Chemist: 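Quick one: the structure is below, questions incoming.
In this text, all values refer to a predicted model and were calculated from it rather than measured experimentally.
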Amino acid sequence: MTIPVTRRRENTRARLLDAAAQVFAEDGLDGASVEAICERAGFTRGAFYSNFESKDELFLELASTVAEERLASVRGRIGEVVADGQMGAADPVALVQRVLDSGLNDRLDVLMMSEIRIHALRDQAFGKALRAQDRAMIASIEAIIQDIVDSGLFALRVDVPVAAQMLMVQWEGCMVRAALSGYDGEELHRAGAESLGQLVGLIIAPAGS
């Protein structure tokens, strides 16, 4: 059941989400207990359970929040590139580097999403909720790509849904491999830009082609 969100509760939820991200960064998903999250946020367990039915629900919302922040940043960067008229002429790696220049903590995102996906493999209900979240994210990526294509600056060699799926899979796979290699945040950022830049170079074509 979804719990109604008032303005006060929205602020409480935001503080709990922020605390969960901090505790997760220190202790991982399993170590981020409800008690630890509440203590970091300055709330009681009662406050937690009046906002979230479980730790699973909280971490699903945290993952969604991180994804939305990144997508919002990407939309803003793409808007700048389109306004500058640079989309068609830019080197793909340089273009992707500019679009992904969000300042978000890529390494923490990789760790969190990896643990969340492992948890989803073990818990059927959690996995179903995560799949629905993934579908919503891909739909958002499709909308961003479609807006770029509609700008007329370049065309795609593949359908928009295929492009969105390819970009998401490429990004996640690259980030995990880079994290396993011990890359720090800046190195992860560079590796992701290079990997996606190579893919973008393959799937886009000049407008009118």
Side-chain angles (χ1 to χ4, degrees), residues 60-104 106-107 109-121 124-180 183 188-209:
L60 277 172
E61 183 162 332
L62 181 59
S64 177
T65 299
V66 169
E68 276 303 316
E69 288 176 353
R70 183 171 296 283
L71 287 171
S73 176
V74 167
R75 290 187 193 101
R77 297 286 179 174
I78 288 176
E80 294 173 3
V81 174
V82 171
D84 292 344
Q86 297 177 357
M87 190 72 76
D91 171 76
V93 173
L95 176 62
V96 173
Q97 180 74 46
R98 178 174 174 184
V99 168
L100 295 181
D101 187 15
S102 63
L104 299 179
D106 290 324
R107 186 170 182 81
D109 293 352
V110 173
L111 292 172
M112 181 175 67
M113 289 310 303
S114 294
E115 290 200 38
I116 283 177
R117 292 195 184 286
I118 290 172
H119 183 50
L121 288 170
Q124 186 175 10
F126 187 83
K128 182 178 180 180
L130 186 61
R131 287 196 303 275
Q133 191 177 100
D134 277 354
R135 286 193 294 271
M137 186 186 304
I138 291 177
S140 294
I141 296 172
E142 288 179 11
I144 291 172
I145 295 173
Q146 188 63 59
D147 286 345
I148 298 171
V149 172
D150 291 343
S151 74
L153 293 177
F154 68 76
L156 286 175
R157 302 182 191 276
V158 297
D159 292 338
V160 168
V162 174
Q165 186 73 38
M166 291 172 69
L167 289 167
M168 185 171 179
V169 170
Q170 182 83 350
W171 170 260
E172 289 190 352
C174 173
M175 289 292 97
V176 170
R177 291 191 298 272
L180 287 172
Y183 289 7
L188 276 169
H189 188 84
R190 187 183 310 115
E194 291 176 353
S195 179
L196 285 190
Q198 292 167 1
L199 179 58
V200 168
L202 294 174
I203 66 175
I204 67 173
S209 64

Chemist: About how many Å separate CZ of R70 and CH2 of W171, when rounded to the nearest 0.5 Å?
Modeler: 5.0 Å
Chemist: Would you mind reporting whether E68 and L71 have side-chain heavy atoms less than 4.5 Å apart?
Modeler: yes
Chemist: Is the shortest distance from a Lys or Arg side-chain nitrogen in R75 or D147 to a carboxylate oxygen in the other one below 4.0 Å?
Modeler: no
Chemist: Taking it one step at a time, do V110 and S114 satisfy side-chain contact (heavy atoms from CB on, under 4.5 Å)?
Modeler: CA-CA 6 Å; V110 173; S114 294; 4.1 Å; yes
Chemist: With rounding to the nearest 0.5 Å, note down the distance linking CD in E142 to CZ in R135.
Modeler: 12.5 Å
Chemist: Nearest 0.5 Å please: distance from the CD1 atom of I141 over to the CD atom of Q146.
Modeler: 14.0 Å
Chemist: Roughly how far, to the nearest 0.5 Å, is CD1 of I203 from CE of M166?
Modeler: 5.5 Å
Chemist: Can you tell me how far the CZ atom of R131 sits from the CZ atom of F126, to the nearest 0.5 Å?
Modeler: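 One finds 11.5 Å between CZ of R131 and CZ of F126.
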Chemist: Using atom types as modelled and distance alone, determine if a side-chain donor or acceptor of S73 lies under 3.5 Å from a backbone N or O of E69.
Modeler: no
Chemist: Can you check whether I138's main-chain N or O pairs, donor with acceptor, with Q165's side chain at less than 3.5 Å?
Modeler: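 Looks like no, no N/O pair under 3.5 Å.
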Chemist: Taking the side chain as everything from C-beta on, heavy atoms only, tell me whether R117 gets closer than 4.5 Å to L121.
Modeler: no
Chemist: Could you pull out the closest heavy-atom pair between R157 and L202, with the gap in Å?
Modeler: CD-O, 3.0 Å
Chemist: Any idea which heavy atoms bring C174 and A191 closest together, and the distance?
Modeler: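 Closest approach of C174 to A191, heavy atoms only: SG-O, 3.5 Å.
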Chemist: One pair to check against side-chain contact (heavy atoms from CB on, under 4.5 Å): M113 and E172. What are the steps and the verdict?
Modeler: CA-CA 9 Å; M113 289 310 303; E172 289 190 352; 5.5 Å; no
Chemist: Tell me the closest heavy-atom pair linking A63 and Q133, and the distance in Å.
Modeler: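 Looking at all heavy atoms of both residues, the closest pair is CB-OE1, 3.5 Å.
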Chemist: What heavy-atom pair brings L188 and A179 nearest, and what distance separates the two atoms?
Modeler: CD2-N, 3.6 Å
Chemist: What do the steps show when you test I145 against L167 for side-chain contact (heavy atoms from CB on, under 4.5 Å), and what is the final call?
Modeler: CA-CA 10 Å; I145 295 173; L167 289 167; 3.7 Å; yes
Chemist: Below 4.5 Å, heavy atoms only, C-beta onward: do L156 and V162 meet side chain to side chain?
Modeler: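 Of all side-chain heavy-atom pairs linking V162 with L156, none is under 4.5 Å.
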Chemist: Rounded to the nearest 0.5 Å, how far apart are NE2 of H119 and CG of L60?
Modeler: 8.0 Å
